[in-house]
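In listed order, ligands and their atoms are each counted from 1.
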Amino acid sequence: MTATLLFRSVFNLRLVSLAKRRGFVYPSSEIYGGLGSAWDYGPLGAELCNNVRAAWWRWMVHERDDIEGLDSSIILNRLVWKYSGHEETFTDPLVDCRECNTRLRADKLDDGKCPNCGSKNLTEPRPFNLMFRTHVGATAEDDADALVYLRPETAQGIFINFLNVLNTSRRKLPFGVAKLPFGVAQIGKSFRNEVTPGNFIFRTREFEQMEMEYFVRPGEDEQAHQEWIDACRQWFLDIGISADNLRLYEQPKEELAHYAKRTVDIQYRFFPEREDEERHWDELMGIANRTDFDLRTHSKKPEDAEGKRLNPDSTEDLSYFDEQTKQRFYPYVIEPAAGVNRSALALLMDAYSEKTNDKGETRVILKLHHSMAPIKVAVLPLAKNKPEIVGMAKAIKRSLQPIMRAVYDDTGGIGKLYARQDEVGTPFCVTVDHQSLEDEAVTVRDRDTWEQERVKVSDLPTYLLQRFGR
Ligand code: GAP
């Protein structure tokens with residue numbers, strides 16, 4: 001058994017099984033035997049991830065005056081990764097177990113032992129670069145000029161577009177985004193050839209990031225950093241993660257990336273089954289103070305002590321001229337960086353609950369925050385053989401679908417239909433019964449309390465939006 005499989009076997013199995021059974025997450029390429037640690041998002045998983053992205057984008061971009069969005073390429077000029085430092089330093093220390101040939105990350109070993117066979121007979125650590133390589137154009141695979149990487153973070157696409165955003169944004173307006181501080185947000189896929197991926201969707205080689213680079217004046221960086229740490233923690237609370245399962249982790253100096261002055265991770269209790277309480281926690285997002293490293297390193301002007309250009313390849317200077325103080329400088333960068341997939345995993349774990357009814361039957365209830373629930377409302381006919389009831393239920397579903405994700409389901413008895421919706425986190429079920437044909441009203445049933453309320457069909461959209469706090 002490989003290390004990856006070993007880890008996966010102790011991960012929250014009931015959640016993994018629910019995710020697969022109900023179409024949140026499937027093992028990728030399964031009909032060909034799968035591909036290690038690659039996952040596909042099914043209908044409900046795609047909705048959940050869309051909800052995460054939409055909430056983050058609304059919060060970061062739409063609800064602020066000082067942040068704009070960007071969608072840069074996944075494949076960038078190789079020089080981006082040379083000057084960002086990734087070619088040289090984006091490595092993990094790799095060791096091989098001489099007994100069972102498992103490849104491991106030296107910094108993740110307990111007591112220097114192979115987790116697969118327990119042997120301590122390991123090779124010396126050597127750096128392994130995590131960037132995936134490929135080649136552009138119809139060229140030989142060993143042509144060094146054609147070598148490119150799949151981006152390991154979305155951030156660099158923002159730095160190299162700093163001047164584009166600065167020059168094209170509304171910088172003359174009083175609340176113009178391009179006056180410092182201002183930020184650029186991006187959501188997109190990143191790729192890392194992780195040595196030990198695993199734990200379901202926690203660590204994969206292909207994943208999605210939500211990153212924002214917030215450009216500030218040097219000297220204003222520390223306060224802005226702290227404000228973003230607090231704001232990001234609050235955002236996770238706002239989308240429904242419980243405070244008990246979140247904590248802040250101050251990265252010690254030896255853990256900091258080469259560009260960082262200070263980094264605080266928001267950790268989630270991803271591994272509650274582990275014996276050691278300290279090992280329950282792992283990173284959900286990181287919030288780094290990247291100083292002026294990035295804009296400086298991609299600029300043509302900075303020189304070394306002998307007057308030699310540090311970056312002879314760049315054609316631009318990414319400095320900022322402050323009209324008020326008449327000073328030119330490289331802005332500092334505060335970077336909140338989260339993962340879509342890890343957020344989805346934290347949401348699923350946090351929402352997973354079980355409830356036993358009077359008959360002793362245990363049901364799964366996914367108590368997702370309504371903004372994250374893949375389906376907001378399910379419309380269910382009490383009698384599927386009664387055309388008037390079915391017709392009314394379908395019409396109600398159609399009337400709701402322009403304003404919220406609504407589904408119609410008549411493939412079981414009402415108890416089974418409720419259970420099915422509870423299991424995927426649908427906050428409300430609307431039942432159409434015989435009485436509905438008379439009084440033009442329906443029963444709305446709450447996922448969390450199982451309480452039922454009679455609501456006029458004409459009032460239903462407003463009623464549901466109010467219950468969602470909109
Ligand atoms: N630009 C900074 C940066 O990329 P990071 O801490 O390496 O920072 C940010 O990544 C977030 O991206 C992490 O907190 C995590 O949520 C997500 N992430 C990173 N590597 C991942 C992986 N292999 N699988 C899933 N998510 C990952």
*Give me the one residue out of Y332, Y320, F162, F329 that meets ring pair (Phe, Tyr, Trp, His ring centres under 6.0 Å) with F215.*
F162
*With a 4.0 angstrom cut-off on heavy atoms, strictly below it, pick out the residues next to ligand 1 and order them by chain and number.*
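Shell around ligand 1 (4.0 Å, heavy atoms): E153, A155, R192, E194, F202, R203, T204, F207, Q209, E211, E283, L284, M285, G286, R290, E335, A337, A338, G339, R342.
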*asked:* For the aromatic rings, using the six-membered ring if either is Trp, is the centroid distance between F200 and W39 under 6.0 Å?
replied: yes
*Centroid-to-centroid, F191 to F207, below 6.0 Å?*
no
*Between E88 and H258: side-chain donor-acceptor atoms closer than 3.5 Å*: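 No, because no side-chain N or O of E88 sits under 3.5 Å from a partner of the opposite role on H258.
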*Regarding D294 and Y330, is there a side-chain donor-to-acceptor distance under 3.5 Å anywhere?*
no
_Quick one: does any side-chain atom of R22 pair with a main-chain N or O of R420 as donor and acceptor, under 3.5 Å?_
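Confirmed, R22 side chain pairs with R420 backbone.
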